[in-house]
Protein chains: 2
Amino acid sequence: MPEDTTSTWENAREDFVAQWGALGSHWGINRTMAQIHALLMTAPEPMYTDEIMEKLTISRGNANTNLRELVGWGLIQIVHRKGERREYFQAEKDVWKMVVTIARERKRREIVPALEVLKSCAERTKEESGGPGREFHQQMKELQEFVEFGIKVADTVVSMKHASALQWAMKLLG
Amino acid sequence: MPEDTTSTWENAREDFVAQWGALGSHWGINRTMAQIHALLMTAPEPMYTDEIMEKLTISRGNANTNLRELVGWGLIQIVHRKGERREYFQAEKDVWKMVVTIARERKRREIVPALEVLKSCAERTKEESGGPGREFHQQMKELQEFVEFGIKVADTVVSMKHASALQWAMKLLG
DNA sequence: ATCTTCTTTCAGATAATCCTGAAACTACAA
DNA sequence: TTGTAGTTTCAGGATTATCTGAAAGAAGAT
């Protein structure tokens, strides 16, 4: 087996990393952060900063910032090897756990603040007695209730174990 | 009632527009596009380009581009008034329909292409007999199946009428 | 055909985001 | 204390996304 050429799985991995990065940037997630995540998701062993820098050809600062960010999201963990000082990083590989984590974080960071604004918009216009003001109020309330309901459903699903969620979804499809 | 000050509901509306814009940009949607959408969602009457330009203080080119984009997403419609040549725009106000539209478009534009890459990654590594290559293959397959399953669930939910979806969700919540 | 009103396009300007690299920092070891 | 290995920070640079405005295009009205 030639050692100087990249193996098939490593080529596929590079495509995966690139696509994950592109997907991230369409969903408001920094491309590099998504790429690091993809890299760690598919890493046979935990990796350390310099390996990641080299694989993605990015600077130390960039790698460090995005690794911290990923730790902040709870998508990767720092692990230590006995006798070694440097930090290694590993990603959660279970897809369901990953999705749950992302859902929790996005809710906390984006949905809840948006909901607060909807509530405030509804509250401030509740005295509107007619016309456009009243219509606006109704609309904000409707939107608020929809989001609150959506949060409840998401919370329920996300608190399930993978198997339960699967079973539940199968029933829906059946 | 003083006519020279902005009414309460219009202040609330401005907050809503701003927040919707911010939310959009956290989810990979151009801020202006989201703002125009918010503006039209809360417009008592269909609006035309110049009104939108003024409300959001944006250029004609920007307004036009993002209005077309919104039409492309199916989130707003062009309407004509009899005897008038210019185009008016109105947004779908039903929240459920709106969510369904967004889900359909994002699936088509982002999820399906990403799925193709997963499939290709899995396909290209199916011969890997062991070690990291095999692990990678398994992971891609798992991810692919998860996404395909997610798409099925989403399609099912999205094809429901609002009332059915609500009923179904209520049962889930217990 | 020419005018008028409205729409579209796009090159260049602007703004938002992201990245680099070097210096500062931390902590353990000798 | 000095050295070494690793981590963090952040000012300035690079890149990408977005916006402007003016010119060109379209189509009904006269």
Side-chain angles (χ1 to χ4, degrees), chain A residues 17-40 45-73 76-90 109-110, chain B residues 17-40 45-73 76-90 109-110:
Chain A
V17 167
Q19 176 65 27
W20 204 248
L23 192 64
S25 70
H26 279 194
W27 288 79
I29 285 159
N30 170 327
R31 183 185 255 76
T32 303
M33 179 172 151
Q35 285 179 343
I36 295 179
H37 184 222
L39 192 68
L40 289 173
E45 297 293 333
M47 297 175 78
Y48 55 93
T49 305
D50 291 61
E51 288 180 301
I52 294 164
M53 285 165 59
E54 198 195 355
K55 276 276 186 196
L56 301 177
T57 46
I58 57 175
S59 71
R60 183 171 306 284
N62 194 10
N64 184 73
T65 304
N66 285 295
L67 282 165
R68 296 305 135 193
E69 192 74 5
L70 283 164
V71 170
W73 276 67
I76 67 173
Q77 281 184 306
I78 298 172
V79 295
H80 287 283
R81 289 189 172 172
K82 50 190 171 193
E84 282 198 53
R85 188 139 125 252
R86 74 179 147 207
E87 295 177 327
Y88 285 75
F89 300 92
Q90 73 182 359
R109 293 165 189 242
E110 292 140 23
Chain B
V17 168
Q19 176 65 27
W20 204 248
L23 193 64
S25 69
H26 279 277
W27 287 79
I29 286 160
N30 172 324
R31 186 188 256 57
T32 302
M33 178 172 151
Q35 286 179 343
I36 295 180
H37 184 222
L39 193 67
L40 289 174
E45 299 290 335
M47 296 174 77
Y48 56 92
T49 305
D50 291 63
E51 288 180 302
I52 293 164
M53 286 166 61
E54 197 195 356
K55 275 277 187 196
L56 300 178
T57 46
I58 58 174
S59 73
R60 183 171 307 282
N62 194 11
N64 184 73
T65 303
N66 285 295
L67 281 165
R68 295 305 136 195
E69 192 74 3
L70 282 164
V71 170
W73 276 66
I76 67 172
Q77 280 184 307
I78 298 172
V79 296
H80 286 284
R81 290 189 172 173
K82 50 190 168 191
E84 284 198 51
R85 189 128 72 78
R86 73 180 147 206
E87 294 177 328
Y88 285 76
F89 300 92
Q90 73 182 3
R109 293 165 189 244
E110 293 139 23

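Computed over heavy atoms, backbone and side chain alike; hydrogens, waters and symmetry mates excluded. In what follows, every chain begins at residue 1, and chains take the letters A, B, ... in the order their sequences are listed.
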What's the verdict on salt bridge (Lys or Arg N to Asp or Glu O under 4.0 Å) for B:Glu45 and B:Arg81, showing C-alpha distance, side-chain angles and the deciding distance? CA-CA 11 Å; B:Glu45 299 290 335; B:Arg81 290 189 172 173; 3.8 Å; yes
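- At a cut-off of 3.5 angstrom, the base of D:dA5 holds at least one donor-acceptor pair with the side chain of A:Arg85.
- Spacing between atom CG of B:Asn62 and atom C1' of D:dC19 amounts to 5 Å, rounded to whole angstrom units.
- Considering only the side chain of B:Asn64, C:dT7 comes nearest among D:dT7, C:dT5, C:dT7.
- The separation between B:Leu67 atom CG and D:dC19 atom C1' is 14 Å, rounded to whole Å.
- One can place CD of B:Glu54 at 14 Å from P of D:dT20, the figure rounded to the nearest angstrom.
- Of the candidate nucleotides D:dT8, D:dT18, C:dC19, D:dT8 has the atom nearest to the side chain of A:Arg68.
- In this structure, CD1 of B:Ile58 is placed 15 Å from C1' of C:dT7, rounded to the nearest angstrom.
- Side-chain proximity of B:Arg60 to the nucleotides C:dC28, D:dT7, C:dT7 is greatest for C:dT7.
- Counting only heavy atoms from C-beta outward, the side chains of B:Ile78 and B:Phe89 approach each other to under 4.5 Å.
- Listed nucleotides C:dT20, D:dT4, D:dT8 differ in distance to A:Glu87; the shortest reach to its side chain belongs to D:dT8.
- Side-chain proximity of B:Arg86 to C:dT20, D:dT20, C:dT7: nearest is C:dT7.
- B:Thr32 is not listed as a side-chain neighbour of B:Thr65, based on a closest heavy-atom distance of 4.5 Å or more.
- Relative ring orientation between B:Tyr88 and B:Tyr48 is described as perpendicular, the plane-to-plane angle rising above 60° on a 0-90° scale split at 30° and 60°.
- Distance B:Met33 CE to D:dC19 P: 12 Å, rounded to the nearest Å.
- Between the C1' atom of D:dA5 and the OH atom of A:Tyr48 lies a distance of 12 Å, rounded to the nearest Å.
- Both A:Tyr88 and A:Arg31 sit near DNA chain D, but only A:Tyr88 has its closest nucleotide nearer the 5' end.
- Listed candidates were D:dA27, D:dT18, D:dT20. Nearest to the side chain of B:Thr32 is D:dT18.
- Within 4.0 Å of A:Asn30, counting heavy atoms only, lie sugar-phosphate atoms of the nucleic acid but no base atom.
- Across D:dG6, D:dT7, D:dC19, the shortest atom-to-atom separation from the side chain of B:Asn66 is found for D:dC19.
- Atom CE in A:Met53 sits roughly 9 Å away from atom P in C:dT20 (whole-Å rounding).
- Using a 4.5 Å heavy-atom threshold, the side chains of B:Thr49 and B:Glu87 count as separate.
- Distance CD (A:Glu84) to C1' (C:dC28): 14 Å, rounded to an integer number of Å.
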